[in-house]
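Everything below concerns the one structure shown next.
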Amino acid sequence: MTLVDTHSHIYLPEFDTDRGAMLERAENESVKRIYLPAIDSSTHELMLNLEKDYPGKCFPMMGLHPCSVKENFREELEIAKAHLARRAFIAIGEIGLDFYWDLTHTREQEQAFHEQVEWALAADLPIVIHSRNSIDECIQVVQHHQKGKLKGVFHCFSGNEGQARQIIDLGFYLGIGGVVTFKNSGLDIVMSGISLEHVILETDAPYLAPVPFRGKRNEPSYIKFVVEKLAEIKKISKEEVAEITTLHSEKLFGS
Ligand SMILES: [Zn+2]
């Protein structure tokens with residue numbers, strides 16, 4: 001069995017005391033590859049160092065997280081752009097809109113999102129979208145740019161079935177993680193109507209740990225609880241969940 005954690009911030013200090021052991025636990029749970037979404041220039045270095053320490057296992061993305069879009073966002077975009085000019089990355093991410101934490105820079109968030117989507121189109125890279133309290137707005141941005149070439153994932157999808165269908169119609173994937181195990185999330189019911197052909201797996205570690213570790217630090221090995229839950233919802237084996245989601249993450253990210 002091969003699993004891919006397509007969204008994991010394991011370069012953050014939350015893992016400084018046990019990073020090696022944590023990655024071993026992931027390996028023991030068949031998590032063979034881990035994709036690292038960028039946040040901003042304060043953590044790019046940590047992310048790139050982790051890639052150096054674990055080549056062939058940890059793969060970085062590049063981009064500016066919507067929660068890091070502030071007054072200096074032009075400068076931050078230039079830094080991300082310089083990284084992209086220098087070397088290859090697996091995706092532009094994470095990018096998008098966050099209307100949950102802070103509404104001060106909504107317009108700047110939109111500008112940064114559009115601009116980074118254009119980078120992805122120019123470089124033929126997938127985008128990894130953060131859409132907290134903004135799924136409909138993010139869908140509109142993708143619709144605006146989708147002329148058949150744009151590809152990507154709505155990371156940590158937790159919307160309704162109508163939103164899931166719109167995303168799928170745009171040729172995008174749903175990134176499913178710990179939320180599907182939460183009681184009353186409703187995501188289990190949404191997922192029962194959605195084919196796994198449109199799903200890739202993620203943890204969003206250190207955030208959003210699945211049941212039975214809800215509220216604790218999340219880590220890539222916990223993806224097994226997401227696999228178990230999806231197997232139960234779809235009434236198929238865990239191996240089948242792994243096979244189809246890994247196939248599609250390879251299709252999207254090209255590795
Ligand atoms: Zn993230």
Side-chain angles (χ1 to χ4, degrees), residues 3-15 19 22-23 26 31 33-48 50-51 58-70 73 76-77 80 83 89-102 105 109 112-113 116-117 120 125-135 137-138 141-142 152-159 167 172-182 185 187 199-210 213-223 226 245 249 252-253:
L3 291 165
V4 181
D5 183 352
T6 64
H7 196 110
S8 213
H9 301 275
I10 51 170
Y11 53 84
L12 292 177
E14 278 87 340
F15 299 98
R19 190 167 282 110
M22 174 273 289
L23 282 164
V31 181
R33 289 190 300 283
I34 301 169
Y35 299 156
L36 314 172
I39 299 172
D40 60 35
S41 65
S42 70
T43 52
H44 290 338
E45 190 100 359
L46 294 176
M47 179 180 74
L48 297 175
L50 183 64
E51 178 200 27
C58 296
F59 299 87
M61 308 176 194
M62 184 47 67
L64 182 61
H65 192 296
C67 291
S68 295
V69 173
K70 313 273 185 212
F73 82 103
E76 281 289 333
L77 286 177
H83 279 290
F89 288 89
I90 52 154
I92 305 288
E94 58 184 294
I95 63 175
L97 304 169
D98 190 303
F99 296 163
Y100 177 80
W101 289 109
D102 187 356
H105 297 101
Q109 283 190 36
F113 188 18
Q116 293 180 92
V117 170
L125 284 172
I127 57 173
V128 173
I129 300 176
H130 171 107
S131 59
R132 189 131 192 227
N133 279 19
S134 64
I135 296 185
E137 290 85 350
C138 286
V141 172
V142 172
V153 57
F154 277 67
H155 128 70
C156 190
F157 175 77
S158 51
I167 289 166
F172 270 58
Y173 286 96
L174 309 171
I176 299 297
V179 176
V180 77
T181 69
F182 295 178
S185 74
L187 189 57
V199 170
I200 59 177
L201 303 182
E202 61 169 68
T203 57
D204 202 18
Y207 317 108
L208 295 169
F213 294 111
R214 188 173 181 180
K216 304 261 166 51
R217 185 191 75 172
N218 198 2
E219 62 170 65
S221 69
Y222 295 173
I223 211 163
V226 177
T245 56
S249 54
L252 178 60
F253 293 99

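For clarity, every value in this text was computed on a predicted model and none was experimentally measured. Order of listing sets the numbers, starting from 1, for every ligand and every atom in it.
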N, O or S atom within Glu94 nearest to the Zn ion (ligand 1), by name | OE2
Could you confirm whether His155 has any N/O/S atom lying under 2.8 Å from the Zn ion (ligand 1)?
-> no
Whether Phe172 and Phe154 hold their rings parallel, tilted or perpendicular, with breakpoints at 30° and 60° = perpendicular
Angle class for the Tyr35/Phe59 ring planes (parallel below 30°, perpendicular above 60°, tilted otherwise)?
-> perpendicular
Would a distance-only check, ignoring hydrogens and angles, find a side-chain to backbone donor-acceptor pair under 3.5 Å from Thr245 to Leu201?
-> no
Closest approach of Leu64 and Gln116, non-hydrogen atoms and distance?
-> N-OE1, 2.7 Å
Do any of the N, O or S atoms of His65 sit under 2.8 Å from the Zn ion (ligand 1)?
-> no
